[in-house]
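When reading the values below, keep in mind they use all heavy atoms of this one structure, side chains included, and skip hydrogens, waters and symmetry mates.
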Amino acid sequence: MGEFEVHRVRFFGLVPAGVRCLACQPRGPRLALARTDGAVEVYNFAVNYFQEKVIPGHDSRSVEALCWAAGDRLFGAGLNGEVTEYDLARLCAARSIDGCGGPIWSMAANSNGTQLAIGCEDGSVKLFQVVPGGIEFERNLDRRKGRILCLSWHPSDTHIAAGSIDTLRVLDVSSGQTVQRIMVNYHTQKAKRECIVWSIAFLSSGTIVTSDSFGRVQFWDREQETLLESHTVSTSAVLSLAVSEEEDSIIVGTSTGATYQFQLLPVKAGSLQKRWVRTKPFQHHTHDVRAVAHSSTALISGGLDAQLVIRPLMEKMQKKGYDAVLRKFTFPHRRLVSCARKARLLLFQFSQHLELWRLGSTDETGKDGEVLPLCRMPEHLVQLKSKGPEHIYCSSVSPCGSWVAYSTASRFHLYRVQYEGNGVSVKKVPKMPKLLLPAYQLQFSSDSSSLFVASARGSVHVLQLLEPGGCKHQHRLRPPSGSPEAVYLLASSADGHWVAAVSGDWAIHIYNLKCFKHHCSVPTYNCAVTAVAIHPVTNNLVIAYSDQQLFEFSIPKKQYTAWSRTVQSCGLHRMWLERDSPITHITFNPKNPSHILLHDIYMFCVLDKSLPLPDNSALLMNQGTLKQLPETARKRQLHAFKICKKFQPLLFADLLDENCLVMVERPIIDIKTQLPLPIQQKKFGT
């Protein structure tokens, strides 16, 4: 792998927001997730569970409920009392309508996605019609005292079950009247305390399933208004509940971090009589599990510990393989750190501010693995706060460290940073050119003379940076056939001739910056792009996809390179393809043009194109083994992949110079120390 001096950075104080709600796309491959800071994310199961879309949060827009309607339209509702439709092409809130019932606690779509029902603070259930270009208020259903905390449509769309405090109601959609009312705390000795119905499901058989603050999962007969079954699964609240499409499996989440699966099983072998049985407990979270979802092949849960956990249902798997692996996602599938190589600065992006740090330095040298003392400690230089309620979409620092830029949903900011002795001055660039906002990715040129701004509809703005502190709009680059999707990844060449742009439809377009014209497009590959970079010597574009495939495309020749064709014909190692974390950054070592440096959350890799690819019988992660072998045996075991797993979780890695690396880690334990204390459970024997 070669020896590098490594700056191991652990002072990036990122604390991801907790998961508030989940929504699986009916008969589709996507999962929508909302966080406690109002951010909305979309994961695509069909492309290795990649986080393909992120809509940053907003201080005045909490999201209490998400649902899909009319196929691929996503709606959210929250405590601001509005129903919001999200534009998944432009990654922003497209339109909002007031629910006129105070804060909205719950929302659900009917089976064909043509109607939305919302549950409001004032006790009302309101119906909205989903129409082209938005939603329209239809009518109010029967209003009763008590906020509506959860809703569920009967699969026939004729009735709606609504959960509140101490009660659940069944409303007739055609008449709008309450036809059944059940007191959920009637059968408990704890009736002196309010029983909150946190989640509800209406089965096609007429059975209503509820989860409540007494830690129970209960099954009710709607017609008889009687309790069929009651399962106490926790000493604290059961906060969330989801039912499989076949209605034979249920997942519930509790405030202790545990999740449980219920299955509808025969009372005895060969019997037609069935009952619900709690079959599988899981403890993947440390805090409240506020959201669960049940896909056709997996149980999905999201907690206030910020983790999204996807546990496959083994009985649904055709064969034991990669899809049968438990997955945990805590960090975004995009970069929140940028680096000024020449100035040795790091820019950290938070939801509403940026931090600029100078790396420490040492005068010492040492052996492999030795920790060297610092002669200068890392220094926090600047904090830039974003004014207003909008959260930051993207940010970047120039290679020379003299420019910092960031964008929110409606504003774009550029700052000139000057270093005078031990002091730092920051000046905002006035009179910015009008751009199509928001910007989704920012990339400075290698000589810090230009700024590339990823925009909507596949376009890229090119800004010329002027001394002593200004900028001018040079050109707007667009794909020849147009695109409805926003650009989310950019890569520029070191010689300033080329820029590559990746849009949400996974198309990669390359532009010539000398004439500002479209040069070519990379052949379409049916998978999401996770990282791109242009080699500083060869101008080859290296592409990482969410299925872990790697491609190399020659920009001057407009075709895949010979090495790339070899990779596709021989195939990559099975262990490499079975990784569940996407490559988020690619860079190169000018000292060794055959080296490609890339990383994901769990590993850093130097890919040496001059060495042969490993076959599936070879040991992929063999660096520790190689060090112990004699020289002759070591040569026989050499292959292209040099993998290091020492730095985890690895949020960013880059080459400062030919002998120096920077690694930005964010240990999970550091995040947990900043979360509120979880509910303590007494363990046996303590």
Side-chain angles (χ1 to χ4, degrees), residues 1-12 334-348 356-362 365-366 368-369 371-372 374 378 396-401 442-448 489-496 498 500 530-544 550 552 582-611 623 640-666:
M1 180 182 284
E3 291 188 2
F4 294 99
E5 178 186 288
V6 177
H7 288 265
R8 193 171 187 178
V9 173
R10 288 191 164 192
F11 46 79
F12 181 21
R334 61 194 179 107
R335 284 191 294 140
L336 298 178
V337 182
S338 54
C339 177
R341 292 183 179 180
K342 298 173 184 176
R344 301 210 167 196
L345 304 175
L346 291 177
L347 182 70
F348 299 141
L356 187 65
W357 287 74
R358 178 185 284 131
L359 292 170
S361 61
T362 182
T365 58
D368 183 22
V371 178
L372 302 178
L374 294 178
S396 187
V397 59
S398 64
C400 67
L442 298 171
Q443 174 83 39
F444 285 93
S445 62
S446 60
D447 62 358
S448 302
L489 284 176
L490 290 171
S492 62
S493 64
D495 59 12
W498 313 102
T530 66
V532 289
I534 299 176
H535 197 287
V537 178
T538 62
N539 277 336
N540 291 336
L541 178 69
V542 178
I543 311 161
L550 296 172
E552 187 181 51
I583 298 296
T584 54
H585 185 55
I586 301 172
T587 189
F588 307 94
N589 187 352
K591 182 180 177 181
N592 294 292
S594 64
H595 286 187
I596 301 173
L597 283 62
L598 33 80
H599 78 88
D600 63 17
I601 290 291
Y602 301 110
M603 67 92 200
F604 173 77
C605 175
V606 177
L607 199 165
D608 190 343
K609 291 165 49 183
S610 66
L611 293 177
Q623 295 307 299
F641 288 87
K642 312 293 188 299
I643 294 175
C644 172
K645 287 198 164 189
K646 182 177 181 179
F647 309 99
Q648 293 186 13
L650 186 57
L651 300 191
F652 180 76
D654 204 358
L655 196 69
L656 297 176
D657 58 45
E658 60 185 30
N659 297 313
C660 186
L661 283 168
V662 59
M663 304 278 195
V664 180
E665 300 171 275
R666 185 57 174 151

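The nearest pair of heavy atoms linking D600 to P582 is CB-O, 3.2 Å. Closest approach of Y602 to K645, counting heavy atoms only: O-CG, 3.6 Å. Minimum interatomic distance between M663 and A653 (heavy atoms only, all atoms of both residues): SD-CB, 3.6 Å. Taking every heavy atom of both residues into account, T362 and E5 meet most closely at CG2-OE1, 4.3 Å. Here the closest heavy-atom approach between residue M603 and residue L650 is recorded as O-CD2, 4.0 Å. Shortest non-hydrogen contact noted between L651 and R666 is CD1-CB, 3.7 Å.
Not counting sequence neighbours, the partners of S398 by the side-chain contact (heavy atoms from CB on, under 4.5 Å) test are C400, W403, F444, S448. Looking at residues two or more places apart in sequence or on another chain, you find a side-chain contact (heavy atoms from CB on, under 4.5 Å) between A340 and A343, L345, V397. Taking the salt bridge (Lys or Arg N to Asp or Glu O under 4.0 Å) definition, one finds that D495 meets it with nothing, sequence neighbours left out. Applying the side-chain hydrogen bond (donor to acceptor under 3.5 Å, both in side chains) test to S361 and every residue at least two apart in sequence or in another chain returns nothing. Remark: W357 pairs with E355 by the side-chain hydrogen bond (donor to acceptor under 3.5 Å, both in side chains) rule, at least two apart or across chains. Here T538 pairs with N540 under the side-chain hydrogen bond (donor to acceptor under 3.5 Å, both in side chains) rule; sequence neighbours left out. Applying the side-chain contact (heavy atoms from CB on, under 4.5 Å) criterion to L489, with sequence neighbours excluded, gives V502, V529, V532. With sequence neighbours excluded, no residue forms a salt bridge (Lys or Arg N to Asp or Glu O under 4.0 Å) with R334. Partners of E665 under the salt bridge (Lys or Arg N to Asp or Glu O under 4.0 Å) rule, at least two apart in sequence or in another chain, are R8, R10.
Residues W498 and L541 are not in side-chain contact: their nearest non-hydrogen atoms beyond the backbone lie 4.5 Å or more apart. Contact of the C339 side chain with the L346 side chain is registered, since non-hydrogen atoms from C-beta on lie closer than 4.5 Å. Taking the side chain as every heavy atom from C-beta outward, L550 and L607 approach each other to under 4.5 Å. In this structure the side chain of V606 reaches within 4.5 angstrom of the side chain of L597, judged on heavy atoms.
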Residue pair L359, L656: steps toward the side chain to side chain contact (heavy atoms under 4.5 Å, CB included) verdict: CA-CA 11 Å; L359 292 170; L656 297 176; 3.6 Å; yes
Which is it for E552 and H535 under the side chain to side chain contact (heavy atoms under 4.5 Å, CB included) test, yes or no, and what are the steps along the way? CA-CA 10 Å; E552 187 181 51; H535 197 287; 5.5 Å; no
Residues V6, K646; criterion side chain to side chain contact (heavy atoms under 4.5 Å, CB included); working and verdict: CA-CA 12 Å; V6 177; K646 182 177 181 179; over 6 Å; no
Please step through side chain to side chain contact (heavy atoms under 4.5 Å, CB included) for the pair T584 and H599, ending with a clear verdict. CA-CA 6 Å; T584 54; H599 78 88; 3.4 Å; yes
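With T530 contributing its side chain and I583 its backbone, the two residues share a donor-acceptor pair below 3.5 Å.
Between D657 and R344, at least one side-chain nitrogen of the basic residue sits less than 4.0 Å from a carboxylate oxygen of the acidic one, meeting the salt-bridge criterion.
Distance check, rounded to the nearest 0.5 Å: CG of L655 to SG of C660 gives 7.5 Å. Expressed to the nearest 0.5 Å, how far NZ of K609 lies from CD1 of I596 amounts to 5.0 Å.
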Can you list, pair by pair, the side-chain donor-acceptor contacts under 3.5 Å of residues 585-592, counting residues two or more places apart and other chains?
| unit_1 | atom_1 | unit_2 | atom_2 | d |
| --- | --- | --- | --- | --- |
| T587 | OG1 | R341 | NH2 | 2.5 |
| T587 | OG1 | D654 | OD1 | 3.3 |
| N589 | OD1 | K591 | N | 3.1 |

